[in-house]
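Beneath this line is the structure, given in structure tokens, with notes to follow.
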Amino acid sequence: MNQKGFLIDMDGVIYRGSETIPGAVEFINNLRKQGFPFLFLTNNSQRTNRDVSYKLRKLGFHVEDDDVFTCGMATARYLASRTPQATAYVIGEGGLLAELHAAGFSIVDDHPDYVIIGEGRTIMLESVDKAINMIMNGAKLIATNLDPNCPVGNGKYRAGCGAFVAMVECATGKQAFSVGKPSPVMMRMARKKLGLSTDQAVMIGDTMGTDILGAGSMGFTTVLTLSGVTKAEDLNHFSYQPDFVISSVKDLLNPELFEKVLHNKKELVEEIPFP
Ligand SMILES: O=C(CO)COP(=O)(O)O
Ligand SMILES: [Mg+2]
């Protein structure tokens, strides 16, 4: 059988803030038991994959550092592959800084190759002004991701990385290049990390504009879970759709539905010969 592998978004899919989504631990245990490869993919660059896997273990998941892939990792690795020994001015937190250092970057305070903006709760207008002047002087503007906001529970939201990036874009007139989901850069890196071909990759996500758009454009099977950002009533507003919609990953404990996802009917589309 054509072995499938799972790319699994984090916030809104396996946890919400600091709470495990019911059924998520069992779902991951099942994947392991059945030998399906999987990788967690998050558009949050605040923490390193070690920090995130520690949090997951506290929530009851049996995972290792290497099971987690963040947009901070994708950003650092991608940029380092384009510009060896590059310099960066960073508006972001420890997860992003650690990855940039590990990829060979020097973090500098003037004339950087890149201004990189990631998720963070400590942004200061002084550093935004500094970044704007660097970009005006030729530094390239990079975003780890463009999520405009992030739900924090009780129907409340916090500003996401995309909101801060928009401020810098507006001030400079320069558009950021974003590496996180839905960018094919992060989607492809994740698929390659699991050693999957396009038609072996299944993405489970809670956000249409990142998880489903990115994975769907790559040709992966897409499963939208309604346990996070996108609600059932939002689906009508999108001109692209996921292959499957579930209420939470708990639904995938049902062997019949799981089998359906494994044998996505998308294959019908692929049978149409290219003209
Ligand atoms: O925190 C996020 C963006 O602010 C999104 O996290 P996930 O990609 O894990 O859903
Ligand atoms: Mg999510």
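Remember, it's 1-based here, ligands and their atoms both numbered in the order they're listed.
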ask   = Between Glu119 and Arg158, does at least one N-O distance fall below 4.0 Å, as a salt bridge requires?
value = yes

ask   = Between O of Asp11 and OD2 of Asp9, what angle is found at the Mg ion (ligand 2), rounded to 10 degrees?
value = 90°

key: Numbered atoms of ligand 1 (with element) below 4.0 Å of Met10, judged on heavy atoms   = 9 (O)

note = Checking heavy atoms under 4.0 Å, the part of Asp11 that sits near ligand 1 is both

message = Can you confirm, on distance only, whether ligand 1 has an N/O atom lying under 3.5 Å from any N/O atom belonging to Asp9?
response = yes

query = Can you name the N, O or S atom of Asp206 that is closest to the Mg ion (ligand 2)?
reply = OD1

message = Go through it in stages, so that I can follow the logic: the residues are Phe36 and Phe258, the test is ring pair (Phe, Tyr, Trp, His ring centres under 6.0 Å), and I'd like the CA-CA distance, side-chain angles, deciding distance and then a yes or no.
response = CA-CA 12 Å; Phe36 287 104; Phe258 188 68; 5.5 Å; yes

query = Looking at Cys150, which atoms of ligand 1 are within less than 4.0 Å of one of its heavy atoms?
reply = 1 (O), 2 (C), 4 (O)

N/O separation below 3.5 Å, Asn145 to ligand 1 = no

request  = Please write down residue, atom name and distance for the protein heavy atom closest to atom 4 (O) of ligand 1.
outcome  = Glu119 OE1, 3.1 Å

query = So which bit of Asn43 gets within less than 4.0 Å of ligand 1, heavy atoms only: side chain, backbone, both or neither?
reply = both

Nearest-neighbour protein heavy atom for atom 3 (C) of ligand 1, which is reported as residue plus atom name and distance = Asp147 OD2, 3.6 Å

task = State whether the number of non-hydrogen atoms from other residues, nucleotides or ligands found under 6.0 Å of Lys231 atom NZ is greater than 12.
result = yes

key: Test ring pair (Phe, Tyr, Trp, His ring centres under 6.0 Å) applied to Tyr78 and Phe177, step by step   = CA-CA 12 Å; Tyr78 175 72; Phe177 176 69; 5.8 Å; yes

ask   = Does Lys181 come within less than 4.0 angstrom of ligand 1, counting non-hydrogen atoms of the residue?
value = yes

ask   = Does the side chain to side chain donor-acceptor pair (under 3.5 Å) test come out yes or no for Glu93 and Gln46, once each step is laid out?
value = CA-CA 5 Å; Glu93 292 191 12; Gln46 267 179 284; 3.2 Å; yes

Side-chain ion pair, Lys193 and Asp66, N-O less than 4.0 Å = yes

Salt bridge Arg32-Asp67, side-chain N to carboxylate O under 4.0 Å = yes

inquiry  = Ignoring hydrogens and geometry beyond distance, is a side-chain donor-acceptor pair present between Thr230 and Asp234 at under 3.5 Å?
reply    = no

Residue and atom name of the nearest protein heavy atom (relative to atom 6 (O) of ligand 1), distance in Å to one decimal = Thr42 OG1, 3.5 Å

Protein heavy atom at shortest distance from atom 1 (O) of ligand 1 = Asn44 ND2, 3.4 Å

ask   = So, are Lys130 and Asp109 salt-bridged, with charged N and O less than 4.0 Å apart?
value = yes

